[in-house]
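To keep things clear, I will list the structure first and then write my remarks on it.
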Amino acid sequence: MPFRADFTGRAGFHTICVKSTAFGVHYTDPVIDWTHLDWALAAACAWLLVGLLGVFALRRMAFIARVLFPAGGAIAVGLFAVALSAVFGTPEVTTLPLGLPSLPFHLRLDSLSAFFLMVIAGASAGVSAFAAGYFRKGEGTPPGLLCLEYHVFLASMALVVLADDAYCFMVMWETMALSSFFLVIANHRIPEIRRAGYLYLLIAHVGAIGILLCFGVLQANTGDYTFANMRAQQLGPFWASVAFLLALLGFGAKAGIVPLHVWLPEAHPAAPSPVSALMSGVMLKTAIYGVLRVSFDLLHVQLWWWGLVLLALGLASALIGVVFSAAQVDMKRLLAYSSIENIGLLFAAMGLAVLFSAYGMKPMAALALTAALYHVASHALFKSLLFVGTGAVLHATGQRSLGKLGGLIHNMPWVTWLTLVGVLACAGLPPLGGFVSEWLLLQSFLFTPGLPSSFLNMLIPVVAALIALVAALSGYVMVKFFGVVFLGRPRDEALSRARDAGAWERLGMLWLVAGCLLLGLLPIQFIALIDPVTQQLVGAGLGGTVAAGGWLLIPVAVERASYGPVIVLLGVTAGSALAYLLVRRFYHGRSRRAPAWDCGYPWQTARMQDTAEGFGQPIRQIFEPFFRMERELPSPFDAQPHYRVTIGDHFWHWIYLPIASAVERLSRLIGLLQQGRISVYLLYSFLTLITVLLVVMR
């Protein structure tokens, strides 16, 4: 009798069809039916495999740079495509036979995790291509180990956003922290780099304790640490607030929010530039993911004062970050403080989303959340682009100090023009992605309906003004960064020997530039990608509203505000072309070139152009209370002129140095117990036993 049997396992396994006919049994070919989650997990495993291959080719730098790093970039492109498709899909879950006997690894791919997976893959694809041309012998760590640490770092970030239980999440979170720590201390022979790595690891573990305690509160004493169980719990306002504050401590430490930011300007400059790009552009976003996951998914209640806490921390971080960035004279420290500023803007946007959600204003919460997610993607691209651009400059010149750079546009035109795109995006100028995200953030502040509290109604415009101030100062910082590094005359004769980036480095930078341009020119299409995430978190989205506007981006109503990126691009292009034609028509050939008079001093040198210190001096003067400054000023009796200003962070002296001093004193006190005599140690044991017996008897 004919029959057909289908043996189908979990999604991702083969479907085997067996058919009986009059002539016997016929086996059809197996069909692969993999879900998005299966492909994402396969990509993470492929990254791990690439890292292991690097260990086998420990010192074969050519193979590692030309084969393994491009392979990691290709895996990232594939993962990006998978995540892009999964954003619109239904949640997918699976359980892996790993972990503890009673707590295996649970994985889940929903719209939120798919969006952040897309950001991780998109940015890491460009950085990996750049790393193929950047990494070479002499980075400190053997190339094979560097390759292993790099790809373990990528895989752990992807698995962090896929984890669906506390145990899996913490294992991946710690793997991400440890792999990035080893990458930071790649040049471990330098004492400053070892100190930076130790500080990073210390604050990372303080944050991990906060996250672990948060999960302990969320599971509500049920013993079930899966996220599904945490979603099912109905915590009261007190315990929900405890969980939120612990999450803010844990994820804020990883994000670099004030006052837990001190590791960031130390670790980012210490790491190799592709690692700095991943840490600033990608790793910090895993902390944003954690705050969103806990606040809007695992917790069923949002309180209005949570939003105020996020707003206050975000604004403080944004303002402190941009002011300190303006005063820096080191390229990578300048960009590190700029990352603190951008993380502050993200926390401010999330705070506004929590505030609106607490009052049931879902459309406005969706607008604020859309602005935050848009800036997550935009910052991942342009900050990665800026860090790899500084890496190209560092390899070409051997200099990180702004005071020793300048005029690189002549010898490094590719790096200059590609970095300029990142500079414009970071400054928030149209028609790039940085402008769209900051513009949406300002719309969420400016066009809010009346809140139930008069205090909040008064506070929101003040916060909007501070956001505008931060945006203006960010533009000032980017003018300083680009002008001092690439424009003017070289400040050192050695800069004339600088060479432009290689083919792989250019390819990686072009990928990131393309992302910045697409985010700026296609905001409506990208908001459609964000819409499933906001629908999942707050139950509302902007997809329908912005789609109705055609090519105009209309977040609220056309009468209130709209933005046409293509129109702006055409206007800028037409204006520039018209100015060029007018100059060519009426003035070309009529000007006479002659040496400048320069107030009677015709011999121009590089010392006459503005320096990084001089450019930042007005900011230091205006915002002097923000800094802890030490000045060495010249006097008439000096044998030779000198001038030095050292910028310090108050938080070191207010928080961290007192804690370090207290720990040292406590350690010395406890060290007195170590006498080195067996009789004393037996006495300690006897006293401990008596104390335990007394406690038990009670």
Side-chain angles (χ1 to χ4, degrees), residues 97-106 156 163 165-182 185 194-195 197-227 229-230 233 235-236 238-254 259-260 262-263 290 294 298 652-698:
L98 301 172
L100 298 175
S102 59
L103 187 58
F105 283 0
H106 297 80
S156 60
D165 64 73
Y167 180 60
C168 179
F169 186 95
M170 293 307 302
V171 169
M172 299 308 163
W173 188 264
E174 287 298 286
T175 304
M176 179 180 70
L178 288 174
S179 57
S180 57
F181 163 73
F182 287 116
I185 62 169
R194 293 199 300 270
R195 285 196 290 268
Y198 174 75
L199 176 64
Y200 164 58
L201 194 63
L202 178 64
I203 295 184
H205 281 84
V206 170
I209 293 173
I211 298 171
L212 191 60
L213 293 175
C214 169
F215 289 147
V217 174
L218 289 173
Q219 58 90 24
N221 204 29
T222 60
D224 186 351
Y225 286 88
T226 62
F227 287 175
N229 175 66
M230 296 179 190
Q233 305 306 313
L235 299 179
F238 174 78
W239 287 111
S241 298
V242 171
F244 170 78
L245 293 176
L246 287 171
L248 185 58
L249 169 66
F251 294 115
K254 180 66 73 176
L260 301 170
V262 293
W263 67 268
V294 171
L298 302 185
W652 274 109
H653 300 270
W654 292 345
I655 300 176
Y656 294 97
L657 292 182
I659 291 177
S661 178
V663 170
E664 289 179 0
R665 289 196 299 268
L666 182 61
S667 300
R668 285 194 296 268
L669 182 62
I670 296 176
L672 297 176
L673 298 175
Q674 190 174 2
Q675 297 293 329
R677 297 171 59 186
I678 188 64
S679 58
V680 176
Y681 296 149
L682 290 174
L683 177 62
Y684 294 159
S685 302
F686 177 73
L687 293 177
T688 303
L689 180 60
I690 295 300
T691 304
V692 171
L693 290 175
L694 291 175
V695 172
V696 171
M697 289 176 63
R698 290 183 180 180

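Looking at Y225 and F169, their side chains never come closer than 4.5 Å, going by heavy atoms from C-beta outward. Counting heavy atoms from C-beta outward, L213 and I209 have side chains that approach closer than 4.5 Å. Contact of the L201 side chain with the L178 side chain is registered, since non-hydrogen atoms from C-beta on lie closer than 4.5 Å. Using a 4.5 Å cut-off on side-chain heavy atoms (C-beta onward), W654 and P259 make no contact.
Listed by chain and number, the residues in a ring-ring contact (aromatic ring centres under 6.0 Å, His included) with F182 amount to none (sequence neighbours excluded). In this structure, F181 has no ring-ring contact (aromatic ring centres under 6.0 Å, His included) partners at least two apart in sequence or on a different chain. Residues meeting the ring-ring contact (aromatic ring centres under 6.0 Å, His included) test with Y656, sequence neighbours left out: W652. Applying the ring-ring contact (aromatic ring centres under 6.0 Å, His included) test to W239 and every residue at least two apart in sequence or in another chain returns nothing. Listed by chain and residue number, nothing satisfies the salt bridge (Lys or Arg N to Asp or Glu O under 4.0 Å) test with R194 (two or more places apart in sequence, or in another chain).
Without hydrogens or angle criteria, E174 side chain to V171 main chain gives no donor-acceptor distance under 3.5 Å. Checking side-chain atoms of S667 against main-chain N and O of V663 turns up a donor-acceptor pair under 3.5 Å.
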Derivation of the side chain to side chain contact (heavy atoms under 4.5 Å, CB included) call for N229 and D165: CA-CA 9 Å; N229 175 66; D165 64 73; over 6 Å; no
Worked check of side chain to side chain contact (heavy atoms under 4.5 Å, CB included) between L683 and L687: CA-CA 6 Å; L683 177 62; L687 293 177; 4.1 Å; yes
Check against side chain to side chain contact (heavy atoms under 4.5 Å, CB included), C214 and F251: CA-CA 10 Å; C214 169; F251 294 115; 5.7 Å; no
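Between Q233 and A220, the shortest heavy-atom distance links the atoms OE1-CB, 3.7 Å. Scanning all heavy atoms of the two residues, the minimum distance from A247 to V294 falls at CB-CG1, 3.9 Å. Annotation for A163 and C168: closest pair CB-SG, 3.7 Å, computed over non-hydrogen atoms. Annotation for S661 and R665: closest pair OG-NH1, 2.7 Å, computed over non-hydrogen atoms. Contact between M176 and S179 at its shortest, heavy atoms only, is O-OG, 3.1 Å.
Note that the NZ atom of K254 and the CG atom of L260 stand 12.0 Å from one another [nearest 0.5 Å]. If you take CG on L248 and CD1 on I211, they are separated by 11.0 Å, rounding to the nearest 0.5 Å. Here CD1 of I690 is found 11.5 Å from OG of S685. Values are rounded to the nearest 0.5 Å. Distance check: M230 CE to L235 CG gives 10.0 Å after rounding to the nearest 0.5 Å.
Classified by interplanar angle (parallel below 30°, tilted 30° to 60°, perpendicular above 60°), the ring pair F227/F215 is tilted. Relative ring orientation between Y167 and F105 is described as tilted, the plane-to-plane angle lying within the 30° to 60° band.
For residues 662-693, no residue pair satisfies the ring pair (Phe, Tyr, Trp, His ring centres under 6.0 Å) rule, not counting sequence neighbours.
Between the side chains of D224 and T222, no donor-acceptor pair is found at a separation under 3.5 Å.
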